[in-house]
Amino acid sequence: MTTESLLARRERFLGAGAPLFYSKPLHIVRGEGAYLFDADGKRYIDMYNNVPCVGHANPNVVEAMARQQGTLNVHSRYLHEGIVNFAERLTQLHGPTIESVVFSCSGTEANEVALRMARIATGKRGIVCSDGTYHGNSETVAKLSGLRRGQLPSPDVRSFPFPELYRPVVPNLAEADLVEAYLDRLRDAIVALETNGEGFAALIVCSIFANEGLPDVPQGFMARAAEIVRAAGGLVISDEVQSGYCRTGRWWGYEVTGFTPDIVVTGKPMGNGLPLSATAASKSLVDQFRAKTRYFNTFASSPLQAAVGMAVLDVIERDGLRENSAQVGAALKAALLERKPRCAAIGDVRGQGLFVGVEMVKDGASKVPDPSRAVDMANRLKDRGFLTSNAGVFGNVLKIRPPLVFSHSDAQQFLAAFDATLAEING
Ligand code: PMP
């Protein structure tokens, strides 16, 4: 089937407007490790997909999935050792305040659980989030997603400007003063909820502000923010859907930005493609949530989720993928930073571990975002066999977020393609 006829059938049967990457969409048929193969057999280095964190078609995960599905897979209202073992192992990846887990099937669902958990525990409804963020697609969490600066989506949600050094909310401040400026905005959001009758239940953030554009966060901001939230009687929710599972070279994004959450939400990479997400917190928070909601989710907390989730953790630990993420990511970022002084269109290079953003601008001095250049880069890189995309509040950040098995050799090949693409664009 040609790409054109598949496109036409897709539009016919999935509806027009279902999102697709690239000006010439990619028709892929197979994946292996950090590579994807198209219908013509061409190989692409996958530098975008974080869900297959231990690699596409990982044999250990495939084997665990098949074995469990061939043995037993039911809903969660029976005793089964696997899911208890998996929950225990997940809690051990955090500090002592994270004790119990509620499983679900998507980041959206797990964030909904987190919001409900916070609202039940505090008896308040108000949620503070950062502007420009994304926490999911249901009506509840969509209210927190994609907010423009100052936008008021509903009485129970207030946002504050996401913290960043590159385009700071107040220009020309020393970093410590900038922290205070962002904290003032956070306090304003909390006070707005306290005074409009909703009360303040929780702050939710992606711990590395990934969808906002992976900013460098002013040093110490998140630790102080967590203190302010707790002093106001609220809870701190860390959305680790993108930032968790060694993406940053550490297990959790909250280790990078330096705070201790009350509730941790994980998703995407947990099942290497099997829908699997979790909301983890203290036993007391989880007990209150369970007592009030009797939460049940048909496909969640199943023997299949447990077996696959365990296999993913086994591979990460066995193959040293956290260390790989830290080392390959650091080398890649350093190499991209080296290119910045030579190229006015590279405004900034940011990120940690295997999550790097290259901010494309009209020129380094004006910092005017250049989303069309980022899109052009992604399209041209794809033609050269490297899959990236664009992200951030302006859509001008080239987003590099490969499976954790991405190697130094893959990075070298990418850098050559990156240079060739820039040279091509700059003529
Ligand atoms: N939180 C964050 C930070 C995300 O990036 C996403 C998805 N991009 C979600 C939540 C929602 O996850 P899901 O698509 O699995 O519902």
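Order of appearance sets the numbers: ligands from 1, and atoms from 1 within every ligand.
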Applying side chain to side chain contact (heavy atoms under 4.5 Å, CB included) between Val128 and each of Leu144, Asp188, Leu193, report the one that passes.
Leu193
Counting the benzene-type ring for Trp, do Phe21 and Tyr48 have ring centres under 6.0 Å apart?
yes
Is the His75 to Phe299 ring centre distance short of 6.0 Å?
no
Quick check: closest heavy atoms across Ala374 and Gly395, and the distance to 0.1 Å?
CB-O, 3.9 Å
Decide yes or no on side chain to side chain donor-acceptor pair (under 3.5 Å) for Asp131 and Gln151, but give the supporting numbers first.
CA-CA 8 Å; Asp131 58 14; Gln151 189 187 348; over 6 Å; no
Show the short N or O contacts, below 3.5 Å, that ligand 1 makes with protein N or O atoms; if there are none, say 'none'.
unit_1   : atom_1 : unit_2 : atom_2 : d
ligand 1 : 1 (N)  : Asp239 : OD1    : 3.4
ligand 1 : 1 (N)  : Asp239 : OD2    : 2.6
ligand 1 : 5 (O)  : Asn211 : ND2    : 3.2
ligand 1 : 5 (O)  : Gln242 : NE2    : 2.9
ligand 1 : 8 (N)  : Lys268 : NZ     : 3.1
ligand 1 : 15 (O) : Gly107 : N      : 2.9
ligand 1 : 16 (O) : Gly107 : N      : 3.4
ligand 1 : 16 (O) : Thr108 : N      : 2.8
ligand 1 : 16 (O) : Thr108 : OG1    : 2.5

Who pairs with Arg158 by salt bridge (charged side-chain N to carboxylate O under 4.0 Å, His left out), at least two apart in sequence or on another chain?
none
